[in-house]
Structure formats: C-alpha cells, structure tokens
Amino acid sequence: MEIKTVFGIIASVIGSGCFVPYIRDIYKKKTRPHIYTWLIWTILQVTGVVAMFNSGAGIGILALATGSILCAYVCILSLKFGTKNITTFDTACLIGALISIAVYIFLKQPLLSIILISAIDFVGFLPTLRKAYIEPYSETLIMFAVFAVSGTFTMLALHDYSLTTILYPLTLIGINIIATVVIWWRRKQQNPPSQEEELEKSH
C-alpha cells in the first residue's frame, strides 16, 4: 500500500471519528450546531472535493468526501437541535455564500474556483466563530482540534501539490485551529452554564 493511501485512510478515519463526540453532544443537547455554517460547509465540501479531484488530488480527497456526508448529517440534525441564536450577520453570510456558489458554477478556472470555495468556507465559518466566542460551551472543543490533525494528514495524502490542491485543505486546517483556540480561550474566561441555563437555551 502506498504511503499516500495510508495517509488518506488515516485522515478519513480521524476526520470521521471526530464527528462522533460532536454528534453525541448534539443528541445530549450539549452542543447546538449552527445550521447556516453546516449548510454552507456541506455544499462547499462537495464542490471542493470535485474540484480537487479534477485537479489531481487523488486519494487526498477521501477524508473530505467522507466529511461532506457527515457535514450533511449534522446540518440535518441542526434543524432540530441547532442554535436559535441567528442574527442578521449570520443571514448575510449565508446569502453571500449562496451568491458566491452560484458564481462558482459559471467559473471555468480550477484555481479561481478553489479560491472562491475557500473564501466562502471561511465566511460560512464566521457565524459559528461568533457563537463560539459568545457561548464557548455550546461547541465541542475536541472536534475542531482533531479536525486540524485530520487536515494535516489530508495534505500529506495529496498526489499533486499545487495551489489548486492545497489551498482548500489549508483553509480548513486554519479554520479548525482558530476555532480550537477561541473556544479554549473563552472557556478559560467563563464558567460552564448551569443545567437551568442549558434547558432554557434548548427551548
């Protein structure tokens, strides 16, 4: 088995595994996913997988392909268990992302497409970052940290290295590192919410 294949499998296993505590916390109502972010991530990850595959990423797309399915599942769960803390800013991010996705369909340049996808993905992350800053205990810290590790193995699994194949994975690694740091830092500044507060937020 080639080393690239090994890295691809490791990235996929780690990436899939880190969804387990996140989904568990959703069902326990400890984590409230932001539907706008997960909807945007689902659409973009599918688009990114196709664009990277067509640019020679090879087995490096395995973790992203698996992740796109799990993102879609979290997006569905967010309809029932997601946060109600949705602002005008969040709506603007979703509208901007959807407009950009429509523009992407008409682009023919792979590199420009990946740049657009990476930018939209970061915009889609902003509502969750804002929520994590305000409510750090409403997100699962370990998931974002492990995603950063999975992203590193994804980079190692790529068959061809070019800006087209590395930009999107690097963006995802950066997003997860930022989320990990923000959640950890803000938890240091806040006490965990009481059971009464958790019940109030879940209604």
Working to the nearest 0.5 angstrom, can you tell me the gap between [X] [atom1] and [Y] [atom2]?
X: Met143; Y: Ile23; atom1: CE; atom2: CD1; value: 9.5 Å
X: Ile166; Y: Ile114; atom1: CD1; atom2: CD1; value: 11.0 Å
X: Leu44; Y: Ser118; atom1: CG; atom2: OG; value: 9.0 Å
X: Gln190; Y: Glu135; atom1: CD; atom2: CD; value: 8.5 Å
X: Arg32; Y: Lys80; atom1: CZ; atom2: NZ; value: 15.5 Å
X: Phe147; Y: Ile177; atom1: CZ; atom2: CD1; value: 14.0 Å

Got [X] and [Y] here, is their nearest side-chain heavy-atom distance under 4.5 Å?
X: Phe144; Y: Thr128; answer: yes
X: Glu139; Y: Tyr22; answer: yes
X: Thr47; Y: Ile120; answer: no
X: Tyr73; Y: Leu77; answer: yes
X: Cys71; Y: Phe19; answer: yes
X: Tyr168; Y: Gln45; answer: yes

Consider side-chain contact (heavy atoms from CB on, under 4.5 Å). Of Ile10, Ile14, Leu170, Ile173, which one does Thr152 pass it with?
Ile173
Treat each ILVMFWY residue as a node, draw an edge where side-chain heavy atoms are under 4.5 Å apart, and state whether [X] and [Y] are in one component.
X: Tyr27; Y: Ile76; value: no
X: Leu64; Y: Tyr161; value: yes
X: Ile115; Y: Ile43; value: yes
X: Val49; Y: Val46; value: no
X: Leu141; Y: Val20; value: no

[X] versus [Y], closest heavy-atom pair with distance:
X: Gly60; Y: Thr154; result: O-CG2, 3.2 Å
X: Gly8; Y: Ala157; result: N-CB, 3.4 Å
X: Arg187; Y: Pro136; result: NE-O, 3.2 Å
X: Thr42; Y: Ser68; result: CG2-O, 4.0 Å
X: Met52; Y: Thr164; result: CG-O, 4.3 Å
X: Cys18; Y: Gly15; result: SG-O, 3.1 Å

Expected output: side-chain [X] to main-chain [Y] donor-acceptor under 3.5 Å:
X: Ser150; Y: Ala11; answer: yes
X: Ser16; Y: Ser12; answer: yes
X: Lys4; Y: Leu156; answer: yes
X: Tyr133; Y: Val182; answer: no

Taking side-chain hydrogen bond (donor to acceptor under 3.5 Å, both in side chains) as the cut-off, I'd like each qualifying pair that reaches into residues 172-185, sequence neighbours left out, listed once.
none
Mind checking whether Tyr36 and His34 have parallel, tilted or perpendicular rings, split at 30° and 60°?
perpendicular
Let me see the working for Phe81 and Trp38 under ring-ring contact (aromatic ring centres under 6.0 Å, His included), right down to the final yes or no.
CA-CA 13 Å; Phe81 300 103; Trp38 287 98; over 10 Å; no
